[in-house]
S.K.: 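One structure coming up, written as structure tokens, with questions to follow.
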Amino acid sequence: MNTKWLFVAALAGAALVTGCETTPLPPNVERGPNGTIAYDVLVEASAPGARIEANGEYVGNTPVHIKIFGDRDGTFHDFGSYYYVVQAQPLTTNQFQQTRVFQTGHLMSPEDRIPQRIYFEMNQYQPPAPNYAYPPPGPYYYGPPPPYYYGPTFRFYYGPHYYHRRW
């Protein structure tokens, strides 16, 4: 009788320790680090041959396919950065640098879906992107003190020493 309960307890402990995969993956999906899967994204530009960088690393000239490791629900995975940045460098002087910034969900920030295709219009002006190494600054809770009021005042004198009080 004791061996039966010991066997049941061992099975329950083994089931508790081992994890289970809730959603099965399709058969030809490449697995990545931290339980991610690979997504193939086509990057194109209006000027073929534009230099493409992903998170500051050169990945090729357009048209190019880049591999992005994301979560199973199709969103960007948080590998410790707030943003995933894809940039296209111009080929000629009348073109502009183009940037696409995607949020990764780092520290409870929103996360974006991984697109199937990214297209850059190189002749369209886009303001330069800020440095995305750090998160954008939050609201200022403690600002400078309000300016002092130097307007007219009323003074009331009382007592033998002409002590004055400002109202």
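Just so you know, these numbers use all the heavy atoms, side chains as well, and skip hydrogens, waters and symmetry mates. In this text the structure is predicted, and so the values were computed from the model without any measurement.
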S.K.: Walk me through it: do Q103 and E111 pass the test side-chain contact (heavy atoms from CB on, under 4.5 Å)?
M.R.: CA-CA 5 Å; Q103 294 182 330; E111 59 184 349; 5.6 Å; no
S.K.: Between Q97 and Q87, is any pair of side-chain heavy atoms under 4.5 Å apart?
M.R.: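 Yes, their side chains come closer than 4.5 Å.
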S.K.: When rounded to the nearest 0.5 angstrom, what is the spacing between CZ in R31 and CZ in R72?
M.R.: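 CZ of R72 is found 6.0 Å from CZ of R31.
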S.K.: When you group the ILVMFWY residues by side-chain heavy-atom contacts below 4.5 Å and let the links chain together, are F102 and V59 in the same group?
M.R.: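 Both belong to a single hydrophobic cluster.
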S.K.: Are L42 and F76 connected, step by step, through hydrophobic side chains (Ile, Leu, Val, Met, Phe, Trp, Tyr) whose heavy atoms are closer than 4.5 Å?
M.R.: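 No: no chain of side-chain contacts under 4.5 Å links L42 to F76.
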S.K.: What's the spacing between E44 CD and Y119 OH if we round to 0.5 Å?
M.R.: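 Going from CD on E44 over to OH on Y119, the span is 7.5 Å.
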S.K.: Just by modelled atom types, is the T104 backbone N or O under 3.5 Å from a matching donor or acceptor in the D78 side chain?
M.R.: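 Pair absent, no side-chain N/O of D78 close to backbone of T104.
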S.K.: Might you work through the side-chain contact (heavy atoms from CB on, under 4.5 Å) test for R51 and N61, ending with a clear yes or no?
M.R.: CA-CA 5 Å; R51 178 183 168 96; N61 295 337; 4.0 Å; yes
S.K.: For the residue pair V41 and I114, establish whether any side-chain heavy-atom pair is separated by less than 4.5 Å.
M.R.: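 Yes, their side chains come closer than 4.5 Å.
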S.K.: Go through it in stages, so that I can follow the logic: the residues are I68 and Y84, the test is side-chain contact (heavy atoms from CB on, under 4.5 Å), and I'd like the CA-CA distance, side-chain angles, deciding distance and then a yes or no.
M.R.: CA-CA 10 Å; I68 298 175; Y84 187 83; 3.7 Å; yes
S.K.: Mind telling me whether H106 and Y82 have parallel, tilted or perpendicular rings, with 30° and 60° as the class edges?
M.R.: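 Rings of Y82 and H106: perpendicular, as their planes differ by over 60°.
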S.K.: Are the side chains of E121 and N123 in touch, meaning some heavy atoms are under 4.5 Å apart?
M.R.: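 SC-SC contact between E121 and N123 confirmed.
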S.K.: Side chains of F79 and N34, heavy atoms from C-beta outward: is any pair under 4.5 Å?
M.R.: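 A side-chain contact exists here, since the closest heavy-atom pair is under 4.5 Å.
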S.K.: Would you call D112 and Y83 a side-chain contact if the rule is heavy atoms closer than 4.5 Å?
M.R.: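 Result no, sub-4.5 Å side-chain heavy-atom pair not found.
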S.K.: Quick one, E30 and K67 - any side-chain contact, counting heavy atoms below 4.5 Å?
M.R.: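 Yes, side chains in contact.
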S.K.: For a quick check under 3.5 Å, do T92 and N94 share a side-chain donor-acceptor pair by atom type?
M.R.: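 Short answer, yes.
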S.K.: Using modelled atom types and a 3.5 Å cut-off, is there a donor and acceptor pairing between side-chain atoms of T62 and backbone atoms of A50?
M.R.: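 Present.
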S.K.: For the pair F120 and R100, evaluate side-chain contact (heavy atoms from CB on, under 4.5 Å) and give the outcome as yes or no after the intermediate values.
M.R.: CA-CA 9 Å; F120 293 108; R100 299 293 182 270; 3.4 Å; yes
S.K.: Verify, without hydrogens or angle tests, whether Y39 (side chain) and T75 (backbone) share a donor-acceptor contact under 3.5 angstrom.
M.R.: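 Absent.
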S.K.: Measure the spacing between CD of Q124 and OG of S46 and express it to the nearest 0.5 Å.
M.R.: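 These two atoms lie 9.5 Å from each other.
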S.K.: Considering only heavy atoms from C-beta outward, does the side chain of V86 approach that of I52 to under 4.5 Å?
M.R.: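 Touching, per the 4.5 Å side-chain cut-off.
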S.K.: Please report the C-alpha distance between H77 and F69 in whole Å, then the side-chain angles of each, then the deciding distance to 0.1 Å, and finally whether the ring pair (Phe, Tyr, Trp, His ring centres under 6.0 Å) criterion is met.
M.R.: CA-CA 7 Å; H77 184 75; F69 290 104; 9.7 Å; no
S.K.: Got a second to check how far M122's CE is from Q98's CD, nearest 0.5 Å?
M.R.: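 These two atoms lie 5.5 Å from each other.
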